[in-house]
There are 4 protein chains.
Amino acid sequence: METNKNTFIQEARKQQIIEATIRTLGDIGYVKASLAQIAKRASISTALISYHFADRQDLIEQCLQALIDQSATYILTKTYTVDEPASQLANFIEASIAYQATHPKENVALLEIVFNARTVNDVPFYKLPDDGEDPLLKALCNILNKGKEQGKFYVTSVNVMAKVIQGAIGEYMLIGGPFSIDAEQYSEEVTKIIWTAMKVEGTNNA
Amino acid sequence: METNKNTFIQEARKQQIIEATIRTLGDIGYVKASLAQIAKRASISTALISYHFADRQDLIEQCLQALIDQSATYILTKTYTVDEPASQLANFIEASIAYQATHPKENVALLEIVFNARTVNDVPFYKLPDDGEDPLLKALCNILNKGKEQGKFYVTSVNVMAKVIQGAIGEYMLIGGPFSIDAEQYSEEVTKIIWTAMKVEGTNNA
Amino acid sequence: METNKNTFIQEARKQQIIEATIRTLGDIGYVKASLAQIAKRASISTALISYHFADRQDLIEQCLQALIDQSATYILTKTYTVDEPASQLANFIEASIAYQATHPKENVALLEIVFNARTVNDVPFYKLPDDGEDPLLKALCNILNKGKEQGKFYVTSVNVMAKVIQGAIGEYMLIGGPFSIDAEQYSEEVTKIIWTAMKVEGTNNA
Amino acid sequence: METNKNTFIQEARKQQIIEATIRTLGDIGYVKASLAQIAKRASISTALISYHFADRQDLIEQCLQALIDQSATYILTKTYTVDEPASQLANFIEASIAYQATHPKENVALLEIVFNARTVNDVPFYKLPDDGEDPLLKALCNILNKGKEQGKFYVTSVNVMAKVIQGAIGEYMLIGGPFSIDAEQYSEEVTKIIWTAMKVEGTNNA
DNA sequence: CATGAATGAGCTTTCATTCAT
DNA sequence: AATGAATGAAAGCTCATTCAT
């Protein structure tokens, strides 16, 4: 009971700090997101961050994990409300883009971490081999493979097609300026393009 | 004369510093790329960097411009060796991916800047409206439009298709781990996918 | 009764904390011996240390007193197993050096405190006037005086001779490297030297 | 020329910082002698200390070396103004104690460092094997050996006798309170004691 | 009696930048 | 044109201590 309560408080604080970290990353970016800035936004002392997290690296990594979990849950939940591969793919694309539109802060924070953080050996996170651990990539490949097996998708390399889809999704947030397009419309068009690209027979073997 | 000579020396120094900055960004990333680290790689004093560039921000921006110019020249030169839109598109994709493979350091530096640097108002570079100034995007759209006019590409929204292509290209560098694929093969597959997506009639009006 | 019991527990805790402090001082030295490090070795929280001791200074001083008491008891007990001044002196020297050899941790802790701690006015402990309170120095002087009265020691200044003896004893722990010598042998030689120095007639008046 | 001038300025600054470090160690002790406190006494910024010394450890070590060099020079110069071992010994003792009396600040600083600083592996400096590198100990042993060879000193173990002498010297600074004695008188008495201890025949072989 | 949570003060170190030379 | 010297500001982190529970 006591322990649970303590753990609860501790967990709540950690969540609060992670939330403040996300907010800070969105506000001023990775480089300026010092512990002092994060603490200010959480209305706590910097020492308290050090109390709950081993060091800055630890905070960033736990923050990253939280962001990955959140977005993956959001997207995969929406993806698997249907059974058919083509529909799943459409849902996947739509949910991925919708997440960016509805969670801009979280999305920016994710980007900031992935493209700024490095391991102790100076290997950037975005260059780290992912060893099939990205749940979204795995889900996407599964959908494509199933569609291919069922004769519904004609695709030479599932891996490349998955990358094309991921690239199209990731590009959405970089759209700005004169050519702006709403999430729904962008999703529809991308889905149409990908469907079309997999509709033609005769491209189903490497 | 004197002035020209001085300007020439000055320009050479600036190029040297920019080159060292690129190297530094590739080696240790944006966060650790302090003026001291850049100066060390250029074998000069940090004060000299401050002398040639207004401030750190200025250096980064000039470095970014140089990287953009270099890659655009590389890619567009290869793109326009042919006339036909379909071939130009293939060349564009191939050259874009080849640039990443042959200029890893420049490419990483580009990424590091775009995803880390911010304006004085803390607006990230990657969120900056580009106002049609990206020469690569402009070229890509021109090719797609020409193909569409010539009745060779069937594409609803040129803008979205351009983003899909850019996304697919940009994704190449993030490939690592168990699924690795060489640049040539990846280019071919992407080209085939995009061609296929634009081959089907009845999708040619916005 | 209640109070006695509480006092007993409290006393036991204080002893435990002091013991952990000694261990910590020996392990990592005065500078790094933070309350956190001491608490870790005592398997308690740092707050508990603050509860039992007024502040860090208080803990250090009580620790020092414990160390002084312990060593004085050890040495003086062995010293007074005999009656004759010359034997008492030999015992004193031997016990003093034996204490260092058999209680290295306590000895290092003593050193660390004496040479690091300072009063609130920044007066180092080792510079503090001792006001004849050092029981070992007092005992040593008594032995020398008694021997002198009995016509067995010829010594001009008892105070200086006492310092010489203390110096020789204190030096033992600083012996390291190529010239290492065991405690027993060192004791014997020092005793012989001191005896010899006091054996010669004609040096018995200040 | 330029280089020499620069080196000169740099060396002067380093000396100034080391001097301020010595002063700080005397004033407030090793524990509180932060770079900020040292900088304050040198009327410079803490960053300038970091500019001239690799880190705190480096500063402390260079300070220690300076102190050792200074005291050794002082003592050995006075020691070797005479030829005869007995006189050299008397000079050595007198100079050693005189140094403490005339350079109290330097002497305290030396103590503070030796008894507080530790290597990265937490080995205290005072426990470090000295491998015959202490110039004072070496000189002392040489004098004793020469006297022994010349039949002037009767001493079983030169090493132990050297330690006894060093102990007696080192003890001087710890004298305080009711029993205070001036340096000259203390030197004379110690010298007499040591001479007496080595005057008796029959103790010249281990 | 004992602890976890929390803080303000201080630490060492690095930063971008300035300035005299 | 180029540098060494210097600094204020800020970084991440640890400290001893307090307090509610």
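Computed from a predicted model, the values in this text were never measured in an experiment. Because only heavy atoms are used, hydrogens play no part in the values below, and waters and symmetry mates are left out as well, while side chains stay in. In what follows, chains are A, B, ... by sequence order, proteins preceding strands, each numbered from 1.
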Could you identify the nucleotide paired to dT21(E), looking across every strand shown and requiring Watson-Crick or G-U wobble geometry with both distances under 3.5 Å? dA2(F)
Starting from P on dC11(E), measure out to CD on Q57(D) and report it in whole angstrom. 18 Å
pair_partner(dT7(E)), Watson-Crick or wobble, both distances < 3.5 Å, evaluates to dA16(F)
Rounded distance in Å - CG (D55(B)) to P (dT18(E)): 8 Å
Between atom CZ in F53(A) and atom C1' in dT14(F), what is the gap in whole Å? 18 Å
Distance, rounded to the nearest Å, where K14(B) contributes NZ and dA1(F) contributes P: 12 Å
Starting at the 5' end of DNA chain E, which residue's closest nucleotide do you reach first, A47(A) or R13(C)? R13(C)
Give the rounded distance in Å between these two atoms: CD of E11(A) and C1' of dA5(E). 15 Å
Atom CG of L48(B) to atom P of dA5(F): distance rounded to whole Å? 16 Å
Got a donor-acceptor contact below 3.5 angstrom from the E112(C) side chain to the Y30(C) backbone? yes
Does dA2(F) have its OP1 or OP2 closer than 4.0 Å to a side-chain nitrogen or oxygen of Y51(B)? no
Using atom CG of L35(B) as one end and atom P of dC15(E) as the other, report the distance to the nearest whole Å. 9 Å
Please state how far atom CD1 in I38(C) lies from atom P in dT14(F), giving the value in whole angstrom units. 17 Å
Between I44(B) and S50(A), which is nearer to the 5' end of DNA chain F once each is assigned its nearest nucleotide? I44(B)
Check whether any side-chain heavy atom of I49(C) lies under 4.5 Å from a side-chain heavy atom of T21(C), and answer yes or no. no
Does K105(A) come within less than 4.0 Å of D27(A), counting only side-chain N to carboxylate O? no
Below the 4.0 Å mark, does dA5(F) have OP1 or OP2 next to a side-chain nitrogen or oxygen of Q10(D)? yes
Please test F53(A) against E61(A) for side chain to side chain contact (heavy atoms under 4.5 Å, CB included), starting from the C-alpha separation and ending with a verdict. CA-CA 10 Å; F53(A) 296 88; E61(A) 277 169 15; over 6 Å; no
Tell me if a side-chain donor or acceptor on Q16(B) pairs with a main-chain N or O of A42(B) at a distance below 3.5 Å. yes
Would one find a side-chain N or O of S34(A) under 4.0 angstrom from OP1 or OP2 of dA11(F)? yes
Closest-nucleotide ordering on DNA chain F, the 5'-leading residue of R56(C) and H52(D): H52(D)
